[in-house]
Asker: 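First the structure, which I've put down as structure tokens, then a few questions once you've had a look.
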Amino acid sequence: MARRLAFVRRFGEREIRDPAQSPLRNLYRDLIRNVVVSRGQYITQPAHTGSSHSGSSGASSSYCSSCSASAAATSEFFAHDQELTKIARQMVSDGSARRMVNGFGGGGPDHPRLETWFTELDVDWILQFHEEQLQEKSESSLQELIERWIRALTVISVSMAELVLVVAVKETPAVARFGKASMAKMLVFVDAIIPALKEEEKLRAVVDMYVCLSSVSYRFASNRFMLLPILPKARTILKEIGGSLSRKVISLREAISSTMEEVRTLVENDDSWAILIQRGRGEVHRNTRLMVDYIRSMVKVDNLMNLDTANLRGLIDDSVHHLKDQLLRKSEHASDPSLRYLFLLNNFYYSVAQLSEPQPGHPVVFTLECKTSMGRYLDPVVFTPECKMFMGSYLDVSWGHVRAHIQITVSKGSCLDVSCGPVLFSIPKLCFSGSRQHRNKISELAKFESAFHKTYQDQKFWKVPDPQLRAVLRKAIAETVLPDYHRYLKKHPELQKHVNSGSSSPDMLKELLGELFEG
């Protein structure tokens with residue numbers, strides 16, 4: 001061994017004694033068990049930063065230097081990976097991992113040394129479990145087993161990859177054989193656990209295992225060992241390990257795809273669409289939230305694994321398109337066209353706008369003027385083209401008839417441009433030829449007021465949960481209705497007294513619009 005620990009070496013807050021002088025059974029089991037598997041929380045961490053041990057060969061150093069840069073660019077891990085990597089390297093440094101290998105020798109899959117090794121890794125149950133037992137366990141128990149499996153697999157992969165770097169060349173086949181036997185036992189768990197998982201947690205669990213196994217597979221990629229001074233037999237075994245890991249990664253990727261298909265079917269056949277669309281008053285549907293959570297899980301993995309995830313990206317794109325199509329079809333359950341477009345706007349803004357960037361060169365921006373104690377500032381809200389379309393349709397069917405009651409007379413050939421903001425959506429310009437007689441202006445005003453207040457009362461408690469979107473929509477309605485109203489009153493000043501004596505002054509109407517969509 002290139003370097004031995006001192007009799008007592010501090011590891012975090014724990015003291016680890018040199019096992020050669022004071023053998024402590026299950027010492028690492030406690031350390032590994034205490035690592036919190038922060039599932040779904042990601043950090044960037046190189047898969048392998050080279051051996052820190054003295055005595056490794058020059059070729060090993062060359063290998064470490066060449067792979068570190070690519071590892072930093074291509075491997076990102078869960079937050080727990082750093083702690084588990086430290087523990088695995090400690091096992092290599094103090095000789096624990098090497099003694100396991102020496103005790104195993106050329107043993108088979110049932111060698112007692114594997115039981116000792118797996119007990120230390122807190123996964124000794126893997127050697128005895130049956131699929132039927134998994135079916136009987138609770139969801140929380142299954143999730144705990146997955147976390148223990150993730151910890152153990154990470155420690156196995158790091159310790160074996162590190163050990164190959166520091167042992168003598170003649171010992172590398174023994175390390176490879178022990179690693180292969182360990183991995184074979186661990187991989188059996190993957191196929192056994194998936195059928196036992198419930199739908200609510202299945203995708204998350206499969207994604208977590210996929211990320212862990214992809215990282216481990218990268219550590220054992222065949223090209224990573226090409227520069228190491230190891231015997232051909234060891235290289236062959238390591239290549240076999242890499243192949244079995246790659247096949248299991250593909251299997252988990254397929255499990256992610258099939259799980260998403262199951263979720264799509266469940267969402268498609270859910271009877272709550274019609275009921276919740278009506279009762280929800282335009283709210284983001286629970287199935288939208290469910291689908292977005294699942295898609296985000298895959299997006300995280302795609303961003304995390306800077307490797308070949310083309311199949312996963314294809315699945316993400318398919319899921320987003322499926323969600324779009326489903327929202328369009330399910331929105332037909334809305335009895336009111338205004339409610340339908342508000343439902344689509346809310347759900348697309350929550351989901352699609354959160355998962356995909358707007359098309360380059362086609363910005364859809366609505367600028368909000370926000371007031372704070374520090375003054376005013378402009379807050380740009382970016383929409384996808386779909387959100388732009390749904391907002392325009394909502395304004396047309398909800399407030400177009402309100403504005404239509406106000407007859408505006410302008411000179412021939414001129415147009416009024418009442419677009420409400422930069423490239424948010426298009427409202428047709430209103431063009432009127434000639435002039436009209438001033439008749440029944442009070443009646444027209446009354447119809448406008450009646451239509452405005454009816455629409456306001458009908459939609460006051462509809463829901464727009466996102467505060468930015470709510471502010472954008474209120475501003476858009478105000479800029480759709482109120483400019484014409486101002487012009488109408490300016491054109492007919494004799495109506496001003498009727499407006500001032502009632503509840504329909506422009507300022508009053510603007511105040512009412514500020515109360516919409518609180519739900």
Side-chain angles (χ1 to χ4, degrees), residues 1 3-41 43 45 52-53 77-104 111-129 133-134 137-138 140-163 166 175 178-179 181-183 185-186 188-189 193 205 208-209 211-213 215-216 219:
M1 189 70 184
R3 182 177 63 181
R4 302 293 289 172
L5 294 179
F7 178 69
V8 176
R9 176 169 179 164
R10 185 163 298 278
F11 184 87
E13 297 300 320
R14 295 175 173 268
E15 288 184 348
I16 298 180
R17 298 181 181 274
D18 189 336
Q21 302 181 50
S22 179
L24 299 176
R25 187 174 179 84
N26 297 342
L27 172 65
Y28 283 109
R29 181 187 180 103
D30 293 336
L31 284 175
I32 293 169
R33 182 179 286 174
N34 289 333
V35 174
V36 177
V37 178
S38 43
R39 298 168 63 183
Q41 300 177 21
I43 60 169
Q45 167 71 12
S52 60
H53 316 302
F77 291 89
F78 288 108
H80 58 259
D81 190 81
Q82 284 184 325
E83 193 68 19
L84 293 170
T85 296
K86 288 164 58 178
I87 293 174
R89 288 175 175 167
Q90 184 75 18
M91 297 176 83
V92 173
S93 296
D94 67 16
S96 297
R98 190 170 187 175
R99 281 190 294 277
M100 289 290 179
V101 172
N102 292 339
F104 180 76
H111 195 283
R113 184 63 69 171
L114 279 179
E115 183 177 357
T116 305
W117 173 234
F118 275 46
T119 298
E120 200 72 15
L121 297 173
D122 193 30
V123 287
D124 47 303
W125 47 271
I126 279 184
L127 302 176
Q128 295 93 21
F129 87 96
Q133 296 173 324
L134 295 178
K137 289 187 175 294
S138 66
S140 60
S141 297
L142 293 176
Q143 297 301 324
E144 180 186 354
L145 292 180
I146 291 172
E147 292 179 6
R148 292 165 72 181
W149 179 85
I150 288 173
R151 294 189 195 101
L153 191 68
T154 302
V155 173
I156 291 173
S157 65
V158 174
S159 60
M160 293 299 103
E162 293 276 327
L163 200 53
V166 299
V175 175
F178 185 68
S182 300
M183 286 295 181
K185 293 292 187 181
M186 292 294 290
V188 172
F189 176 74
I193 189 69
D208 287 342
M209 289 192 294
V211 171
C212 177
L213 203 52
S215 302
V216 171
R219 287 190 179 105

Asker: So, applying side-chain contact (heavy atoms from CB on, under 4.5 Å) with R151, which one of L84, I87, I146 is it?
Answerer: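 For R151, the side-chain contact (heavy atoms from CB on, under 4.5 Å) test succeeds with only one of L84, I87, I146, which is L84.
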Asker: Do V175 and M160 make a side-chain contact, defined as non-hydrogen atoms from C-beta onward lying under 4.5 Å apart?
Answerer: yes
Asker: Quick one: are M183 and S157 in side-chain contact, heavy atoms under 4.5 Å?
Answerer: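 Sidechains of S157 and M183: in contact.
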Asker: Do the non-hydrogen side-chain atoms of E120 and L27 ever get within less than 4.5 Å of each other?
Answerer: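 Yes; the side chains approach each other to less than 4.5 Å.
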Asker: How about R148 and L121: do any of their side-chain heavy atoms sit closer than 4.5 Å?
Answerer: no
Asker: Give the minimum heavy-atom separation between A152 and M186, together with the two atoms involved.
Answerer: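 Shortest heavy-atom contact: CB-CE, 3.7 Å.
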Asker: So do the side chains of R98 and V166 get within less than 4.5 Å of each other, counting heavy atoms only?
Answerer: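 They are not in contact (no side-chain heavy atoms under 4.5 Å apart), so the answer is no.
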Asker: Is the distance between the ring centroids of W117 and F104 under 6.0 Å?
Answerer: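 Ring-ring flag for W117/F104: false, centres at least 6.0 Å apart.
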Asker: Could you tell me whether the side chain of V216 reaches within less than 4.5 Å of the side chain of R219, counting heavy atoms only?
Answerer: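 Yes, at least one pair of side-chain atoms sits under 4.5 Å.
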Asker: Between L31 and Q90, does the side-chain contact (heavy atoms from CB on, under 4.5 Å) criterion hold? Intermediate values first, please.
Answerer: CA-CA 11 Å; L31 284 175; Q90 184 75 18; over 6 Å; no
Asker: Might you confirm whether atom NZ of K137 has over 12 heavy atoms from other residues, nucleotides or ligands at distances under 6.0 Å?
Answerer: no
Asker: Can L134 and L145 be said to form a side-chain contact (heavy atoms from CB on, under 4.5 Å), step by step?
Answerer: CA-CA 10 Å; L134 295 178; L145 292 180; 3.7 Å; yes
Asker: To the nearest 0.5 Å, how far apart are CG in L114 and CG in D124?
Answerer: 12.0 Å
Asker: Can a donor-acceptor pair be found, under 3.5 Å and without considering hydrogens, that links the side chain of W149 to the backbone of V123?
Answerer: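 Judged by distance alone, no pair lies under 3.5 Å.
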Asker: Is any side-chain heavy atom of V188 less than 4.5 Å from a side-chain heavy atom of I126?
Answerer: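 The answer is no, as the side chains (C-beta and beyond) never meet within the 4.5 Å cut-off.
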Asker: Measure the shortest side-chain to side-chain distance between D81 and S215 over non-hydrogen atoms and say whether it is less than 4.5 angstrom.
Answerer: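 No; the side chains remain at least 4.5 Å from each other.
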